[in-house]
There are 2 protein chains.
Amino acid sequence: MSKPAFLPHDHNHQRCIDAALAEARAICQRKHSRLTPQREQVLRLIWQEHRPIGAYELLDKLREEGLKAAPPTVYRALEFLQENGLIHRIESLNAYTGCSHPSEPHASQFLVCQQCQRVAELGSEQIAEQLSEQARRAGFASAHQTVEIRGTCAECLRHFHV
Amino acid sequence: MSKPAFLPHDHNHQRCIDAALAEARAICQRKHSRLTPQREQVLRLIWQEHRPIGAYELLDKLREEGLKAAPPTVYRALEFLQENGLIHRIESLNAYTGCSHPSEPHASQFLVCQQCQRVAELGSEQIAEQLSEQARRAGFASAHQTVEIRGTCAECLRHFHV
DNA sequence: AAATAATCGAAACATTATAACATTTCTTTC
DNA sequence: GAAAGAAATGTTATAATGTTTCGATTATTT
Ligand SMILES: [Zn+2]
Ligand SMILES: [Zn+2]
Ligand SMILES: [Zn+2]
Ligand SMILES: [Zn+2]
């Protein structure tokens, strides 16, 4: 993990979007997963911001873009994208965010800024390992970890002096 | 943390209930928080099992016990109990579970068994510290942590060979 | 007792997610 | 290319979870 967790608020975000979509297409091609136009559209909408987006907010955006969509449309796309490791669900927000490094399976921890609502992904194997280890000491076999840290990002700390 | 995370399936659970209610009463008395009969009833229902319980499941149980309850009845009680540190919300389940050591504020990590649905609370300050520290390295100021580990508890590992 | 604050009752409403089944599109096989 | 099978999508309805509002009641303080 060399990349900074949160990019500056004014970074060139179009690059994030383009890179995420390109990587998604490559991954799906490799896996023979069908990243259909609708699914790609949903992924693109999710990547519009680093702020997680809810299913119904996505639904609205799909409709704004002219698609005749109903809730299942969105939830099916979300399911596909999750199964293929392209997005994560943020449990504490009931919302979805693009995965920052979808190419390899990984444990994730999320930093959720209360001020700007952005989310960044830590990919600390160390944390994941320690969690698994502590669980193991209780005789517990870990299958999946949900780690979400709510707080204030560096930029918001500077701007709002919270 | 000396107590085992998961108690045996066949432990004397009435003791858990009684102890939890007694501790809750003591805490609320000390804090001048009003643990009304309704709130205590909800807490007792939550402690009926080590399995987290959803708001509407609670609502049903309240009605079974003769209370004329509506959703706000439950959610208000849950809010009170959470504010007073007597219960935790398990985000990945949309459900609530009794706090195992409500007397002092503490970070919590939850082990959630996929087989028996029980939840145990780790209270590892070490994990909490490491998470805060890793976040801090990203310039992020932690305010609250959600840590939920899904997997299989020791007893279920033995019984079901998963 | 009166004033104030906290709690509760009740109805409506809002948000998030899934079930069920029909239709279309894509892929494979012949 | 046509037929069969599989995957994806459309459509409607409904389930599950959570909130707002406002008035009535109860508890606490003065
Ligand atoms: Zn970006
Ligand atoms: Zn921020
Ligand atoms: Zn018990
Ligand atoms: Zn278990």
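Each chain gets a letter, A, B and so on, in the order the sequences are listed, and its residues count up from 1. What you are looking at is a predicted structure, and each value in this text was computed from that prediction instead of being measured.
A donor-acceptor pair is defined here as one N or O able to donate and one able to accept, closer than 3.5 Å; such a pair exists between the side chain of B/E121 and the backbone of B/S100. Looking at B/H11, its side chain does come within 3.5 Å of a backbone N or O of B/P8 through a donor-acceptor pair. Without hydrogens or angle criteria, B/H13 side chain to B/W47 main chain gives a donor-acceptor distance under 3.5 Å.
Summarising the geometry, the separation between OH on B/Y75 and C1' on D/dT21 is reported as 17 Å, rounded to the nearest angstrom. Distance CG (A/L35) to C1' (D/dA7): 15 Å, rounded to an integer number of Å. Rounded to an integer number of Å, the gap from CZ of A/F80 to P of D/dA8 is 7 Å. Atom pair B/L59:CG and D/dA15:C1' shows a separation of 15 Å (rounding to whole Å applied).
Of the residues in residues 60-73 of chain B, those placing a heavy atom less than 4.0 Å from an atom of DNA chain C are B/K68, B/P72, in numerical order. A heavy atom lying under 4.0 Å from DNA chain C marks the following residues of residues 38-54 of chain B, by number: B/Q38, B/R39.
Contacts of B/F140 classified as ring pair (Phe, Tyr, Trp, His ring centres under 6.0 Å), with partners at least two apart in sequence or in another chain: A/F6. Residues satisfying the side chain to side chain contact (heavy atoms under 4.5 Å, CB included) criterion with B/A55, sequence neighbours excluded, are B/V74, B/Y75, B/L78, B/Y96.
Considering A/L59, A/L58, A/D60 as possible partners of A/L45, the one that fulfils the side-chain contact (heavy atoms from CB on, under 4.5 Å) test is A/L58.
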What N/O pairs connect the protein and nucleotides 23-30 of chain D at under 3.5 Å? Give each pair on its own line.
none

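For the 3.5 Å distance criterion, the side chains of A/E49 and A/Q117 fail to qualify, holding no donor opposite an acceptor.
At most 12 non-hydrogen atoms from other residues, nucleotides or ligands lie less than 6.0 angstrom from CD of B/Q29. Within a 6.0 Å sphere centred on CD of B/E129, other residues, nucleotides and ligands contribute 12 heavy atoms or fewer.
Across A/C116 and A/H9, no two heavy atoms sit closer than the pair CB-CE1, 3.9 Å.
Between B/R137 and B/E133 there is a salt bridge, since at least one side-chain N of the basic residue sits less than 4.0 Å from a carboxylate O of the acidic one.
Nucleotides of DNA chain C that come within less than 4.0 Å of any heavy atom of chain B span, from the 5' end to the 3' end, C/dA6 to C/dA11.
Of the inter-residue distances, the one linking A/H144 atom NE2 with B/E148 atom CD reads 10.5 Å to the nearest 0.5 angstrom. Summarising the geometry, atom CZ belonging to B/R39 is positioned 11.5 Å from atom CD1 belonging to B/I87; distances are rounded to the nearest 0.5 Å.
Nearest-nucleotide mapping onto DNA chain C: of B/T36 and B/N94, the residue sitting toward the 5' end is B/T36.
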